[in-house]
Amino acid sequence: MNLAQFPRKRYTYGNTPIEYLPHFSKALGDVVNIYIKRDDLLGLTAGGNKTRKLEFLMADALQKGADTIITCGAVQSNHCRLTLAAAVKEGLACHLVLEERVKNSYNKDANGNNFLYRLLGADGYKVVDGGSDMMQAMEELAEELKSCGKRPYIIPGGGSNEIGALGYVSCAQEIMGQMFEQGLTFDSLVCASGSAGTHAGLLVGMEGNRMEMPIVGISVNRKKDVQEKVVHGLTQKLIKKLNLNFEIAKSKVTVFDDYVGDGYSLPTKAMVEAVNMLAKTEGILLDPVYTGKAMSGFIDLIRKGYFAQGSDVLFLHTGGSPALYSYTEVINGNTLEWNNR
């Protein structure tokens with residue numbers, strides 16, 4: 001696959017590391033050998049998987065002459081943080097449309113990513129109710145900005161369209177190169193599955209390079225059937241974008257929806273266990289919304305025998321640790337109302 005045909009801005013120098021997690025593996029009974037791909041160490045402010053997507057999205061925006069970026073996300077959105085950071089780096093204005101997915105959860109003085117929006121200097125915020133049509137809200141804002149002489153470029157939530165997903169086609173190629181260089185073979189890859197760009201990009205990247213590696217997505221927001229349909233639909237758009245001559249079978253899109261809990265961003269007891277366990281065994285921080293829930297699913301699947309004894313499994317760390325600082329009471333165990341998982 002020729003990714004060089006697409007404009008790209010580089011925000012990370014070199015590959016993110018793949019690390020073996022011996023103490024974490026031991027804590028789970030040494031049933032499988034657990035490795036982690038550290039995409040939390042990607043470039044831009046505090047890193048995370050959106051950086052890979054933004055390399056292609058920001059390049060497209062600049063090529064089209066944009067002077068203003070509009071994007072959306074939840075009130076503690078990693079994507080909004082990183083999009084804002086990329087806009088600052090490129091000298092562009094940036095407006096955020098924030099969805100209050102949990103009623104009354106927006107606090108302009110909150111810590112975590114919300115603090116970083118202020119520190120990085122977002123040019124404008126618009127807070128909308130949960131369940132709002134986010135694309136419509138961004139398009140309305142774009143029209144307002146155009147009337148003021150601006151040239152806005154809309155980036156969808158999570159950066160998850162066929163342009164942004166190119167970042168994880170690239171990541172798949174990066175992983176394969178590291179496997180060759182380090183003499184590694186992975187039996188499965190586990191990742192959080194949310195806005196779908198990461199999951200879909202990995203599927204297309206692996207399939208396009210004839211790498212038979214099952215990808216297990218842990219949903220952080222949607223039911224299994226809905227999420228599988230969203231991921232598969234994006235693989236089709238991505239394949240068309242790349243002008244490839246194959247399809248991803250629906251059966252290759254694997255999603256588990258057992259670890260969402262009461263809803264997106266709402267804590268679960270299993271998430272808190274996962275965050276604590278990885279921090280205390282390997283000194284690596286997960287986030288409470290995406291990687292914490294994805295890791296809780298990974299842990300549960302290991303305990304249930306989903307992965308073969310002795311297999312080598314790679315967990316993709318998609319970042320997001322700044323959100324921890326708005327969940328300190330939950331992570332410290334001071335909140336008594338837990339999900340039953």
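The first residue in the sequence is number 1, and the count goes up from there.
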Is the side chain of [X] donor-acceptor paired with the backbone N or O of [Y] at a distance under 3.5 Å, no angle test?
X: T268; Y: M271; answer: yes
X: N209; Y: G205; answer: yes
X: E100; Y: Y106; answer: yes
X: S25; Y: L21; answer: yes
X: R151; Y: G65; answer: yes
X: D262; Y: L266; answer: no
X: E90; Y: L62; answer: no

Cluster question for you: counting only ILVMFWY and a side-chain heavy-atom cut-off of under 4.5 Å, with indirect links fine, are [X] and [Y] together?
X: L82; Y: Y153; answer: yes
X: L202; Y: L234; answer: no
X: I34; Y: V216; answer: yes
X: L285; Y: V289; answer: yes
X: I155; Y: M135; answer: no

query: Can K37 and E174 be counted as an ion pair, charged N to O under 4.0 angstrom?
result: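 Salt bridge present between K37 and E174.
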query: Would R38 and D40 pass as an ion pair if we require N to O under 4.0 Å?
result: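 Salt bridge present between R38 and D40.
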query: With a cut-off of 6.0 Å (strictly less than), are more than 12 heavy atoms of other residues, nucleotides or ligands near NZ of K150?
result: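 Count not over threshold, so no.
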field: Steps toward ring pair (Phe, Tyr, Trp, His ring centres under 6.0 Å) verdict (F115, Y325)
entry: CA-CA 10 Å; F115 163 71; Y325 304 108; 9.9 Å; no
When rounded to the nearest 0.5 angstrom, what is the spacing between [atom1] in [X] and [atom2] in [Y]?
X: L314; Y: N33; atom1: CG; atom2: CG; result: 12.5 Å
X: L120; Y: C94; atom1: CG; atom2: SG; result: 9.5 Å
X: S296; Y: L278; atom1: OG; atom2: CG; result: 12.5 Å

query: Relative to each other, are the rings of Y290 and Y264 parallel, tilted or perpendicular (30° and 60° limits)?
result: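 Ring orientation of Y290 relative to Y264: perpendicular.
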query: Is the Y35 ring parallel, tilted or perpendicular to the Y20 ring (thresholds 30°, 60°)?
result: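 Aromatic pair Y35/Y20 classed tilted.
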task: Return the minimal non-hydrogen interatomic distance between A66 and L92, and the atom names on each side.
output: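 Shortest heavy-atom contact: O-CD2, 3.6 Å.
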task: Grab the two heavy atoms, one from A46 and one from P322, that are nearest each other, plus how far apart they are.
output: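 In this case the closest contact between A46 and P322 is CB-CG, 3.6 Å.
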message: Does any part of the side chain of S188, heavy atoms only, come nearer than 4.5 Å to the side chain of M213, both counted from C-beta?
response: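 No, too far: nothing below the 4.5 Å cut-off.
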query: Given R52, which of D39, T318, T198 fulfils the side-chain hydrogen bond (donor to acceptor under 3.5 Å, both in side chains) condition?
result: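 With R52 as partner, side-chain hydrogen bond (donor to acceptor under 3.5 Å, both in side chains) holds for just one option, D39.
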